[in-house]
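We name chains A, B, ... by the order of the sequence lines, and we start the count at 1 in each one. All values below were derived from every heavy atom in this structure, side-chain atoms included, with hydrogens, water molecules and symmetry-related copies excluded.
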Amino acid sequence: MRHRLMSLILAQLNMNFAISHSRYYYIEKRQRLWEGVLIVVSILMGAAVLSFGVFKLADAFYSSAAVIRQEALTLITGILAAQFLMLILGVALVISVFYFSSDLPTLIPLPLKPWEVLASKFAIILANEYLGLAVFIIPIFVAYGMRADIGLISYVLSSIIVFLALPVIPVAIASILSVILMRIIGFTKRKDMLTTIGGFLLVALIIGVQFYMQTKLPARGNEQEFMMQLLSQANSVVTLVGKQFPPGIWATLAISDAGTFKGFMNLGLFLSVSAISLVVFLMVGNRFFYQGVVFGFEASVPKRDISDVKLAEPQFPERTSLVALAVTEIKLFSRTPVFVLNGFIGFLMFPIMFVVLLLMGNDPEVAGLWESLVVMPEFHSIGALIVGAYFFVLTAFSGIPFSPFSREGKANIWFLRSQPVSGSTAAMGKALGAEIMILLGSIPGVGVFQYIARLPVSSLVIGFYLGIVSSFALCIWGVLLDMARPMLNWTDQQKAIKSNLNILISMLISTAVLFLLGFLVYTLFKKGYSGLVAQVTSGAVVTLLLASGLRVLRTVGDKLWRSIEL
Amino acid sequence: MAKARNACLLKLEGVSKTYRGSSTKAVDNLNLEVRSGEIFGFLGPNGAGKTTTIKMIVGLLMPDNGRILVNGHDIVKDPVSAKKSIGFVPDEPNLYNKLTGLEYLNLVADIYGVSTAERTRRINDLLSMFGLTSEVSDVIQSYSHGMKQKLALTGALLHNPPLFILDEPMVGLDPRSSRLFKDLMRKHCDQGYAVFFSTHILEVAERLCDRVGIIDKGRLIACGSLDELRKLSCETDESLEDIFLELTLPEGAE
């Protein structure tokens with residue numbers, strides 16, 4: 001008989017990766033087998049392309065670092081970046097998987113200890129992290145291993161162990177913070193709103209701490225002397241860079257010194273701290289998890305007295321179906337913490353990064369250079385393109401327009417499908433709602449950029465045109481894709497917006513479009529064309545993208561809509 | 001506007017449906033009509049094809065063959081017009097949990113183009129009838145199953161649909177609401193409209209329906225008034241339950 005925890009973990013992994021579901025439909029029923037094969041092949045191909053890109057980058061990085069005898073910087077840069085991203089993005093993932101899974105009402109009444117339920121959920125998060133991590137970190141390990149002079153077996157073994165342990169600490173930290181946050185929020189009445197705000201505050205806190213740690217590096221005045229001292233020792237920069245997150249140093253040295261006593265000690269240290277962080281998390285979770293979950297089952301908005309409602313008077317003016325759908329889309333998205341935490345994270349991160357740049361940019365030399373740059377007409381042209389690209393990037397990475405029908409899920413999609421709205425109206429309502437959210441979310445970032453860049457109004461107007469049109473084009477195409485293959489079967493809301501293949505496909509295509517546009521602009525500038533030509537060309541491309549999207553929507557919208565069968 | 005008596009509000013002609021990957025027909029050559037002023041009960045054992053039929057009528061599934069006309073509009077060729085004539089409540093009233101009851105009702109009213117004055121009057125009447133007035137400004141997430149069912153019913157009746165389609169409507173309703181709802185169905189039909197509903201509660205069907213259809217393994221095996229169904233069996237004093245059990249006897253069972 002299997003241990004109950006193992007059974008639980010296996011069942012959770014089965015549901016998370018839809019293993020039985022896929023086997024039933026793709027293999028036993030042979031339904032759309034081609035789709036399953038196509039998905040797997042596309043994912044593998046996409047992962048291979050990305051991995052190859054990371055490998056080439058790491059290889060080039062290694063060559064540069066080798067010049068100053070700091071080869072291990074290749075490893076620590078990758079490890080720290082991965083851990084930092086897992087920590088930031090982990091908050092939304094943890095809150096979603098721990099507190100907003102639809103299987104919680106089934107799991108809670110079972111005779112399981114809170115830590116056992118948590119451990120099974122933690123396993124799901126780790127499994128998801130491994131997938132992303134594999135594409136990013138394995139090529140770095142391979143690039144380093146091929147160039148460094150280390151024994152193959154010990155290197156491979158150490159790398160595998162470090163890879164498996166790598167997400168544990170950041171996810172455990174994100175989990176501990178989230179469990180405590182949700183316990184506190186459990187006491188309050190506006191849980192949804194506070195979960196969203198609390199989640200963002202946690203992310204801001206993590207970024208803030210990271211920034212604070214970086215400012216702990218030596219003052220610029222001693223830089224030359226300090227650098228000389230550093231460079232006199234091989235891989236000494238690793239220790240310095242890793243100081244902001246010591247497990248990063250241990251993981252790096254465990255690999256770079258694999259097969260030696262030093263490597264073995266660092267591996268032991270890394271694994272011990274990973275294990276301790278897991279145990280601490282499970283202890284904290286065992287104490288607070290169920291309380292937070294049970295509070296979450298209660299109504300999350302305070303009840304209003306009927307006297308506030310005044311039903312006898314008209315509540316809302318009549319709206320067209322399109323406006324009603326767009327407004328509802330915004331309400332449904334913005335009131336669901338998991339969607340907001342995942343979809344709006346870019347809206348928060350980019351302005352924070354701009355502000356950090358602002359705060360760090362106190363070098364008089366750089367400031368002087370910047371001052372002379374911002375008055376140049378060429379910069380104004382490029383600035384307008386940056387504003388446009390910012391809207392585009394936020395749209396591409398928010399996932400909002402690429403999952404509107406998926407987010408409805410099997411439970412809710414019946415409503416819209418049974419209403420007297422055409423497919424094109426339903427899609428347009430969703431796209432409009434997404435566009436409004438993205439526009440509002442982009443304003444802080446554009447505001448901070450405008451504060452730094454001081455673009456003239458004309459450039460700003462051009463930037464907004466490029467941004468709004470390109471962003472709306474992405475919304476239309478994204479909604480169309482999600483309409484063609486909505487992911488309606490999910491147990492966690494997180495899956496609808498994060499583990500949704502439509503989002504991955506859209507992001508990849510958007511990135512390709514952005515690169516092509518960037519290449520086009522670069523070529524125009526290189527051939528001596530003015531900024532205006534670059535702007536007009538970009539404007540024409542994005543307008544064409546939007547017009548073609550609208551045309552396709554009008555042509556196939558209703559057909560796609562009918563194909564969503566329940 | 002009330003329909004002319006005996007006008008055909010729902011017509012299914014040779015409707016069939018086979019789910020992808022399945023070799024058996026979920027619905028097989030189904031023909032039936034529902035006329036104005038009529039409450040039509042759609043009965044059948046589990047997995048007989050009731051929900052599949054209802055999903056095809058409201059446009060959630062496309063039939064493989066045949067034609068479905070709602071108030072004269074083909075649900076496949078002109079879905080928007082057909083759906084405008086329908087008020088639908090599914091078996092599981094999953095509504096948008098993050099909206100308040102009132103926001104949900106206003107969304108429905110906007111989609112169906114119900115005027116502000118009309119929606120205010122009907123929302124007030126229906127909420128008061130279901131005893132939901134004091135909860136309508138709360139988020140749907142805080143509602144019980146029965147309250148969600150009542151809200152879904154309110155939404156489906158908001159535009160006074162000529163054809164009211166319900167999948168197991170009594171599930172989750174308390175006795176008072178159930179009684180009120182039955183009265184409402186009758187009143188709706190007295191206006192010249194029609195109700196098509198599926199149920200497992202045969203007593204309700206027996207008492208309420210003008211006609212019933214019994215579906216088994218995707219085929220309509222009996223259709224008519226209770227008296228007409230009794231004629232199918234030899235005994236004239238049989239209840240609907242007896243007739244149903246007799247007609248849907250599994251193969252090999254005695």
Testing the basics here: between B:Val76 and A:Arg562, what is the closest heavy-atom pair and its distance to 0.1 Å? O-NH1, 3.9 Å
Smallest separation among heavy atoms of B:Lys98 and A:Leu332, with atom names: CB-CD2, 4.2 Å
When the 4.5 angstrom heavy-atom criterion is applied to A:Leu322 and chain B, the contacting part is neither
Stepwise, does the side chain to side chain contact (heavy atoms under 4.5 Å, CB included) test hold for A:Phe415 with B:Leu107? CA-CA 11 Å; A:Phe415 171 75; B:Leu107 170 67; 3.6 Å; yes
Going by the rule salt bridge (Lys or Arg N to Asp or Glu O under 4.0 Å), which residues pair with B:Asp216 if we only count those two or more places apart in sequence or in a different chain? none
Could you measure the distance from the CG atom of B:Asn97 to the CG atom of A:Asn412? Nearest 0.5 Å is fine. 7.0 Å
Test item: B:Asp110 side-chain N/O and A:Thr320 main-chain N/O as donor-acceptor pair under 3.5 Å: no
If I compare all heavy atoms of B:Leu99 with all of A:Arg335, which pair ends up nearest, and what's the gap? CA-NH1, 3.7 Å
Working to the nearest 0.5 Å, report the span between OG of A:Ser418 and CD1 of B:Ile57. 13.0 Å
To the nearest 0.5 Å, what is the distance between OH on B:Tyr104 and NZ on A:Lys331? 14.0 Å
First locate atom CG of A:Leu416, then atom OH of B:Tyr96, and finally report the distance between them rounded to the nearest 0.5 Å. 4.5 Å
Using only non-hydrogen atoms and a strict under-4.5 angstrom cutoff, which residues of residues 419-428 of chain A touch chain B? A:Gln419, A:Pro420, A:Val421, A:Ser422
Given heavy-atom pairs under 4.5 angstrom as the criterion, report whether the side chain, backbone, both or neither of B:Tyr143 touches chain A. neither
Check each atom of B:Leu95 against the heavy atoms of chain A and say whether the ones under 4.5 Å are side chain, backbone, both or neither. both
Among B:Ala109, B:Pro90, B:Pro79, the residue with the most heavy-atom pairs under 4.5 Å to chain A is B:Pro90
Interface moiety of B:Ser115 toward chain A, non-hydrogen atoms closer than 4.5 Å: both
Can you give me the closest heavy-atom contact between A:Arg417 and B:Leu60, atom names plus distance? CB-CD2, 3.3 Å
Under the salt bridge (charged side-chain N to carboxylate O under 4.0 Å, His left out) rule, what pairs show up with a residue in residues 50-60 of chain B, not counting sequence neighbours? none
Does a salt bridge link B:Lys17 with A:Glu565, judged by any charged N lying under 4.0 Å from a carboxylate O? yes
Partners meeting salt bridge (Lys or Arg N to Asp or Glu O under 4.0 Å) with A:Glu408 (sequence neighbours left out): A:Lys430
Quick check: are there more than 12 heavy atoms from other residues, nucleotides or ligands sitting under 6.0 Å from NZ of B:Lys84? no
Which one, B:Val114, B:Val80, B:Val58, leads in non-hydrogen pairs under 4.5 Å with chain A? B:Val80
